2 protein chains.
Amino acid sequence: MEAEKDLFGKCPYMTAQKVLSGKWSIMILYHLGKKTMRFGELQRQLPDLTQSTLTKQLRALEENGLIERKIYPQVPPKVEYSLSDIGIKFKKVLVELAIWGGEYIETLKDKADRP
Amino acid sequence: MEAEKDLFGKCPYMTAQKVLSGKWSIMILYHLGKKTMRFGELQRQLPDLTQSTLTKQLRALEENGLIERKIYPQVPPKVEYSLSDIGIKFKKVLVELAIWGGEYIETLKDKADRP
DNA sequence: ATACATAGTATCTAATAAGATACTATTGGG
DNA sequence: CCCAATAGTATCTTATTAGATACTATGTAT
């Protein structure tokens, strides 16, 4: 698969950077980290991206093995997205990222307080 | 400053995603996390990006407050790059990212072993 | 027969980012 | 006077991403 080939043998940082490159990847992983969700629910959690963009981001994450897609043979369709094993392991990164992001926002506020 | 305004009040994940969006940001932060470096040394560590690209990435990181740029009034010029306070705090994220990236690469190898 | 719900596709456009290449400024040393 | 060393700029081109918009498929309920 395309996605795998060019990630092979690279350093962990480059690999991580590549996998996280989509503009919404972190947000999507965060939401799916809370619970498995259907497409529509995920979309409601992320009202700022369009359906086609969400589809593209999900496909990229799926190709890279971070999430899984389960199709129920129903009409109207039901498709559930969840974190894969390696996706679940990514939650540890998310924890640190959230802490750091909070601190970062604080530093911005500090700078704004006394300009 | 532009970079600050539109990050304000956002959630930590969105903020983090934005700051890390450059293709080389994580690699640069990793190298500067090891030690303060001059422009040329950094470039030697990252032979895959051109001078102009490196300059752009460094400027973006500086605008976002992650790194600091110290100019020595010399000829030929000497400019040192280092992590800012909030940049240093990012090292905790890097640690988790490296662990996860390593695990991720392993899963790719596993998949390749038995296709 | 028609409408509805869900999870999409297909195109096209616009915005952003990255990369290639060539050029600049300064000044101490030969 | 000319060269080397360092850290850039300035342009232009290309590639990658994201976003907008309109369309599709299908079984059930009315």
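Convention: sequence-line order gives letters A, B, ...; per-chain numbering from 1. Keep in mind that this is a model prediction, so the values were computed, not measured.
- B:L46 has its CG atom 16 Å from the C1' atom of D:dA7, to the nearest Å.
- Here C:dG19 presents its C1' atom at 11 Å from CH2 of B:W24, a figure rounded to the nearest Å.
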For nucleotides 5-13 of chain C, which of its nitrogen or oxygen atoms have a protein nitrogen or oxygen under 3.5 Å away, and what is each distance?
residue, atom, partner, partner atom, Å
C:dT6, O3', A:R38, NH2, 3.0
C:dT6, O3', A:P77, O, 2.9
C:dA7, OP1, A:R38, NE, 2.9
C:dA7, OP1, A:R38, NH2, 3.1
C:dA7, OP2, A:G40, N, 3.0
C:dA7, N7, A:Q51, NE2, 3.2
C:dG8, OP1, A:R59, NH2, 3.2
C:dG8, OP1, A:R69, NE, 3.4
C:dG8, OP1, A:R69, NH2, 2.6
C:dG8, OP2, A:Y81, OH, 2.7
C:dG8, N7, A:Q51, OE1, 2.8
C:dG8, N7, A:Q51, NE2, 2.6
C:dG8, O6, A:Q51, OE1, 3.0
C:dT9, OP1, A:R59, NH2, 3.1

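- Under the 3.5 Å distance criterion, with hydrogens and angles disregarded, a donor-acceptor pair is assigned to the side chains of A:T50 and A:T53.
- Hydrophobic clustering keeps A:V95 apart from B:W100 (ILVMFWY residues linked when any side-chain heavy atoms are closer than 4.5 Å, directly or through intermediates).
- Looking only at atom types and distance, the side chain of B:E68 has no donor-acceptor partner in the side chain of B:Y81 under 3.5 Å away.
- As a whole-Å value, the separation of B:M14 CE from D:dA18 P is 11 Å.
- No salt bridge links A:E96 with B:K89; every basic N to acidic carboxylate O contact stays at or beyond 4.0 Å.
- When rounded to the nearest whole Å, the span between CD of A:Q43 and P of D:dA20 equals 12 Å.
- Taking hydrophobic clusters as Ile, Leu, Val, Met, Phe, Trp and Tyr residues chained together by side-chain heavy-atom distances below 4.5 Å, A:L32 shares a cluster with A:I71.
- Residue B:K23 has a polar side-chain atom (N or O) positioned under 4.0 Å from OP1 or OP2 of C:dG19.
- In this structure, B:Y72 atom OH and C:dA25 atom P are separated by 26 Å, rounded to whole Å.
- One interatomic measurement links the two molecules: CG of A:L20 to P of D:dT16, which rounds to 19 Å at whole-angstrom precision.
- Salt bridge status for B:E41 with B:R44: absent, with no side-chain N to carboxylate O gap under 4.0 Å.
- Distances shorter than 4.0 Å separate none of the side-chain N or O atoms of B:Q74 from OP1 or OP2 on D:dT6.
- Regarding B:L49, its CG atom lies at a distance of 16 Å from the C1' atom of C:dT21, rounded to whole Å.
- Rounded to whole angstrom, the span from the CE atom of B:M37 across to the P atom of D:dA7 amounts to 13 Å.
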